[in-house]
Amino acid sequence: MRRTVELRDADGLEITTRSGSLVVIAEEGRVDVEVDGLDEQAKRKQIWREKGRLHIRSGRGSNALTVKCPPATHVLAGSDSGRVDLRGDFGNVKLKSGSSKISVDSARSADVKTRDGKIEIARTHGRAAAGTISGTIVVGHARSARAASVSGRISLKQIIGSTEAMSVSGKIDIASDGAGDISAATVSGGIKVRIPKHRAPEIKCHRKSGSLDVDCTEGNDLTITVATVSGAIKVGTH
């Protein structure tokens, strides 16, 4: 079932699903909210306004839900096990899933958590934060970033400012524009940090074993702090 409602003065969307997938599309020119996949037989309400937000709740557990909204809409969404996919340019987003993949095209800021699903944040105009136990984390472009994983790989591809990454056994790969300090720590995973050639960092390295390879001019433009028990560390330029 499909339903269209006015966003009016609501400060964003709060969406809850169970095991069905959730797709949210920020559509250019749209001023209302369209919800497709509602359960016609549901006995409890599926769309309502509460505490300044427009709330949307899926019906049966496996029902897929598609929500279309105006650009720059703030989104708070959670799923027990279904995939969450945000397409378009959003405001501040906060997403959570138990075990499925979460992906974000573009947002003002993003805070994403999943137990073992993959996290992909293509772009944020501000801060990107991601956390998972065993899933991979990939952030394409962000003003600043913080990522944490137990065993999944962390890849931060183009971070302008401050960057923080932590993992127990997963590899960490950071490419920074060098406008902020960088911190990376693992127990056994390797760490690779790359900065522009014209930036000269102060490097603080803490390790018990594992190789250390530094291929850049050191200075005081920024501070790179890397720590590992047994993983290899490489700091260079791109």
Side-chain angles (χ1 to χ4, degrees), residues 5 7-18 20-37 47 49-58 64-133 135-149 152 154-165:
V5 296
L7 188 58
R8 295 207 307 254
D9 57 350
D11 186 24
L13 307 177
E14 184 166 339
I15 309 170
T16 305
T17 66
R18 294 181 181 177
S21 63
L22 169 63
V23 177
V24 186
I25 303 170
E27 197 169 63
E28 290 293 337
R30 178 172 286 277
V31 296
D32 55 14
V33 177
E34 180 184 284
V35 185
D36 193 4
I47 301 178
R49 298 177 188 274
E50 183 180 332
K51 296 181 180 179
R53 292 196 185 103
L54 182 65
H55 289 249
I56 302 168
R57 178 170 55 193
S58 66
L65 202 64
T66 300
V67 179
K68 296 180 181 179
C69 62
T73 298
H74 304 314
V75 177
L76 174 64
S79 172
D80 291 341
S81 60
R83 174 173 175 168
V84 179
D85 186 7
L86 268 61
R87 304 173 187 174
D89 194 14
F90 294 85
N92 301 321
V93 302
K94 189 172 184 180
L95 311 173
K96 187 175 182 180
S97 176
S99 59
S100 292
K101 178 180 178 180
I102 299 178
S103 60
V104 179
D105 274 353
S106 178
R108 182 185 302 171
S109 68
D111 186 349
V112 181
K113 294 180 181 178
T114 180
R115 186 175 62 247
D116 53 16
K118 182 178 182 180
I119 295 174
E120 287 185 347
I121 303 173
R123 173 180 292 270
T124 62
H125 307 293
R127 184 173 184 265
T132 181
I133 294 176
T136 298
I137 296 173
V138 179
V139 177
H141 182 283
R143 177 68 56 179
S144 63
R146 184 182 189 276
S149 171
I154 296 175
S155 177
L156 308 178
K157 296 184 176 182
Q158 187 182 356
I159 312 302
I160 297 172
S162 61
T163 309
E164 184 178 0

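Predicted model only: the values in this text are computed from it and were never measured. By convention here, the first residue in the shown sequence is residue 1.
By the side-chain contact (heavy atoms from CB on, under 4.5 Å) test, Leu7 pairs with Ala10, Leu13, Val33, Leu54, Pro70, Thr73, sequence neighbours left out. Annotation: side chain to side chain donor-acceptor pair (under 3.5 Å) contacts of Ser162 (sequence neighbours excluded): none. Legend: residues meeting side chain to side chain donor-acceptor pair (under 3.5 Å) with Asp36, ordered by chain and number and at least two apart, are Arg2. With sequence neighbours excluded, no residue forms a ring-ring contact (aromatic ring centres under 6.0 Å, His included) with His141. Partners of Arg30 according to the side chain to side chain donor-acceptor pair (under 3.5 Å) rule, which considers only residues two or more places apart in sequence or in another chain, are Glu27, Asp32. Listed by chain and residue number, Asp85 satisfy the side chain to side chain donor-acceptor pair (under 3.5 Å) test with Arg87 (two or more places apart in sequence, or in another chain).
Using a 4.5 Å cut-off on side-chain heavy atoms (C-beta onward), Thr66 and Ile25 make contact. Using a 4.5 Å heavy-atom cutoff, the side chains of Ile15 and Leu76 are not in contact. Two residues are said to be in side-chain contact when any heavy atoms from C-beta on lie closer than 4.5 Å; Ser106 and His125 meet this criterion. Looking at heavy atoms from C-beta onward, Cys69 lies in side-chain contact with Phe90 at the 4.5 angstrom threshold. Side-chain contact between Arg143 and Arg127: absent, with no pair of heavy atoms (C-beta onward) separated by less than 4.5 Å. Using a 4.5 Å heavy-atom cutoff, the side chains of Val138 and Lys157 are in contact. In this structure, Leu95 and Val104 have side chains that are in contact, with non-hydrogen atoms separated by less than 4.5 Å. Side-chain contact between Leu65 and Ile56: present, with at least one pair of heavy atoms (C-beta onward) separated by less than 4.5 Å.
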Test log, rule side chain to side chain donor-acceptor pair (under 3.5 Å), inputs Thr17 and Ser79: CA-CA 5 Å; Thr17 66; Ser79 172; 3.2 Å; yes
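Between Glu14 and the options Arg53, Lys94, Arg57, a side-chain hydrogen bond (donor to acceptor under 3.5 Å, both in side chains) holds for only Arg53.
No side-chain donor-acceptor contact under 3.5 Å links Asp80 to the backbone of Arg18. Here the side chain of His55 pairs a donor or acceptor atom with the backbone of Glu50 at under 3.5 angstrom. No donor-acceptor pair closer than 3.5 Å links the side chain of Ser109 to the backbone N or O of Gly126.
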